[in-house]
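Below is one structure; the comments refer to it alone.
What you see is a predicted model, and the numbers here were worked out from it, not measured in a lab. Throughout, numbering of the chain's residues begins at 1 and tracks the sequence.
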Amino acid sequence: MRKGPAAHSLAGGEGVPNAAPVMSRIAVSQRPAVLLDREGTLQAAVGAVAEAVQGGAKLIVFPEAFVPGYPVWIWRLKPGADSALATKLHGLLLDNAVSLERGDLAPLCAAAREHAVSVVCGMHERDEHFSRSTLYNTVVVIGPDGEILNRHRKLMPTNPERMVWGLGDASGLQVVDTPCGRVGTLLCWESYMPLARYALYAQGVEIYVAPTYDAGEAWIGTMQHVAREGGCWVVGSGLAIKAADVPEAFPERSRLYPDPEEWINPGDSVVVAPWGEIEAGPLSRETGILYAEIDIARCGTARRSLDVAGHYARPDVFELRVNRRPRQPVAFD
């Protein structure tokens with residue numbers, strides 16, 4: 001896994017980054033995963049990349065926990081009464097989670113390399129270093145050479161998500177260079193964590209990607225607020241899924257999702273320009289690919305009057321320190 005620099009170095013005239021194209025076409029894939037099927041979901045992702053490339057995209061974004069699907073059941077199971085079912089589903093999730101060390105993302109990395117595009121994808125990541133049983137809500141940025149530029153684990157799972165995922169650390173709280181611009185990611189309600197947002201702003205994020213399970217007017221308003229506050233492009237990558245998308249083999253499917261026409265989540269993927277204007281979307285209660293043309297030069301002009309990590313900051317009054325050391329449960333000398 002290769003990480004990009006936290007900030008450009010201009011000392012002595014050296015280290016000046018290659019300029020990214022001003023205009024880029026991005027694609028947000030709003031299609032459901034093949035729930036609890038890692039290989040099937042990756043195959044679908046590879047197909048979506050090829051389709052987005054045909055549409056001219058250079059950056060393709062997938063939703064939160066896309067591989068092998070967001071655990072939609074956690075919002076319907078009853079504590080205690082559904083314990084056995086929760087255990088069974090978690091076992092299936094463990095078996096289909098992604099191991100980066102094992103190379104499970106190879107098909108998607110190969111697709112990025114084949115088409116020379118960048119990809120942002122959410123997943124359930126299985127830790128292979130310690131207990132080998134903990135899952136993390138992870139998002140990766142894959143470069144056009146097929147290499148993983150950054151891996152970020154969700155800092156704080158939301159409500160019942162804490163029964164699925166462990167707590168991430170800040171080792172992946174990075175902004176990385178891509179041919180489309182400087183990309184940073186926060187997952188779902190991490191966008192409600194002001195200090196996490198600020199950590200990305202301070203690294204000069206130009207394309208703020210927020211894979212999410214959230215939806216609705218309040219969430220879209222949050223994406224607009226982030227675009228105004230950060231002076232950056234914001235990509236809200238939502239999950240659209242109907243009960244009919246839940247596989248027939250899913251345990252107790254008929255009890256949990258009796259109406260096949262029910263929208264479990266409407267998606268609401270959206271692309272917001274710096275200073276808050278909606279550029280594309282929201283794509284609601286439908287599946288497909290949302291495209292948008294982005295101009296990263298607009299980040300600089302948006303920050304002319306408000307640059308919260310630059311001329312509008314007060315480092316003499318406020319100070320933020322980010323601990324990027326990986327959190328490890330044990331150290332072996």
Side-chain angles (χ1 to χ4, degrees), residues 1-17 20 120 136-141 149-158 161-162 165-178 181-212 214 219 221-236 272 274-276 296-329 331:
M1 180 171 66
R2 190 178 76 240
K3 292 184 179 178
H8 297 320
S9 172
L10 303 179
E14 298 179 354
V16 178
V120 177
Y136 292 95
N137 184 345
T138 294
V139 58
V140 297
V141 181
L149 302 179
N150 193 45
R151 176 197 68 188
H152 171 61
R153 291 172 170 175
K154 192 173 187 178
L155 296 170
M156 179 56 67
T158 302
E161 291 180 355
R162 294 172 200 173
W165 297 308
L167 305 182
D169 58 35
S171 59
L173 197 60
Q174 306 263 5
V175 172
V176 295
D177 286 309
T178 75
R182 288 178 60 74
V183 174
T185 60
L186 288 178
L187 288 155
C188 203
W189 276 23
E190 286 186 310
S191 287
Y192 289 127
M193 301 174 74
L195 301 185
R197 297 197 309 267
Y198 194 82
L200 297 191
Y201 301 155
Q203 296 173 70
V205 64
E206 293 167 331
I207 307 173
Y208 177 116
V209 181
T212 185
D214 208 342
W219 175 253
T222 294
M223 297 293 92
Q224 291 180 281
H225 168 79
V226 172
R228 294 187 189 102
E229 181 180 67
C232 55
W233 288 89
V234 175
V235 181
V272 185
W275 211 242
I296 60 171
R298 292 177 64 180
C299 297
T301 55
R303 294 169 186 162
R304 179 183 68 85
S305 58
L306 178 65
D307 186 350
V308 296
H311 63 73
Y312 217 83
R314 285 292 305 273
D316 57 322
V317 178
F318 306 109
E319 182 178 359
L320 172 63
R321 294 181 181 272
V322 179
N323 178 8
R324 278 193 174 150
R325 293 189 299 274
R327 297 175 67 249
Q328 300 179 348

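A heavy-atom distance below 4.5 Å is found between the side chains of Arg151 and Val140. Side chains of Arg197 and Glu190 form no contact here, defined as non-hydrogen atoms less than 4.5 Å apart. The shortest distance between side-chain heavy atoms of Thr301 and Trp275 does not fall below 4.5 Å. Between Leu186 and Met193, the closest side-chain pair of non-hydrogen atoms is not below 4.5 Å. For the pair Thr138/Leu187, no side-chain contact is recorded, criterion being any heavy-atom separation below 4.5 Å from C-beta on. For the pair Asp214 and Tyr192, the minimum side-chain heavy-atom distance is below 4.5 Å.
Legend: residues meeting salt bridge (charged side-chain N to carboxylate O under 4.0 Å, His left out) with Arg298, ordered by chain and number and at least two apart, are Glu279.
Among all heavy-atom pairs drawn from Ser171 and Pro326, the shortest one is CB-CG, 4.2 Å. Here the closest non-hydrogen pair linking Leu195 and Leu320 is O-CD2, 3.8 Å. Summarising the geometry of Trp219 relative to Cys188, their closest heavy-atom pair is CH2-O, 3.2 Å, with the distance given to 0.1 Å. In plain terms, the two heavy atoms of Gly166 and Pro157 that are nearest each other are O-CG, 3.7 Å. The two residues Val205 and Gly184 have their closest heavy-atom pair at CG2-N, 3.6 Å. Across all their heavy atoms, Ala202 and Ala309 have their closest contact at CA-CB, 3.6 Å.
For CH2 of Trp189, the number of neighbouring non-hydrogen atoms (other residues, nucleotides, ligands) closer than 6.0 Å is 12 at most.
Ser191 OG to Met223 CE: the interatomic distance, rounded to the nearest 0.5 Å, is 4.0 Å. Rounding to the nearest 0.5 Å gives a distance of 9.0 Å between NE2 of His152 and CG of Asp169. Between the CD1 atom in Ile296 and the CZ atom in Arg182 there is a gap of 10.5 Å [rounded to 0.5 Å]. In this structure, the separation between CD on Gln203 and CG on Leu173 is 6.5 Å, given to the nearest 0.5 Å. Annotation: the span from Leu200 atom CG to Ile207 atom CD1 amounts to 13.0 Å, rounded to 0.5 Å. A distance of 12.0 Å separates CG in Asn150 from OG1 in Thr178, rounded to the nearest 0.5 Å.
Applying the salt bridge (charged side-chain N to carboxylate O under 4.0 Å, His left out) test to pairs two or more places apart or on separate chains, those with a residue in residues 303-317 are Arg314-Asp316.
The aromatic rings of Tyr201 and Tyr208 lie tilted to each other, with the angle between the two planes from 30° to 60°.
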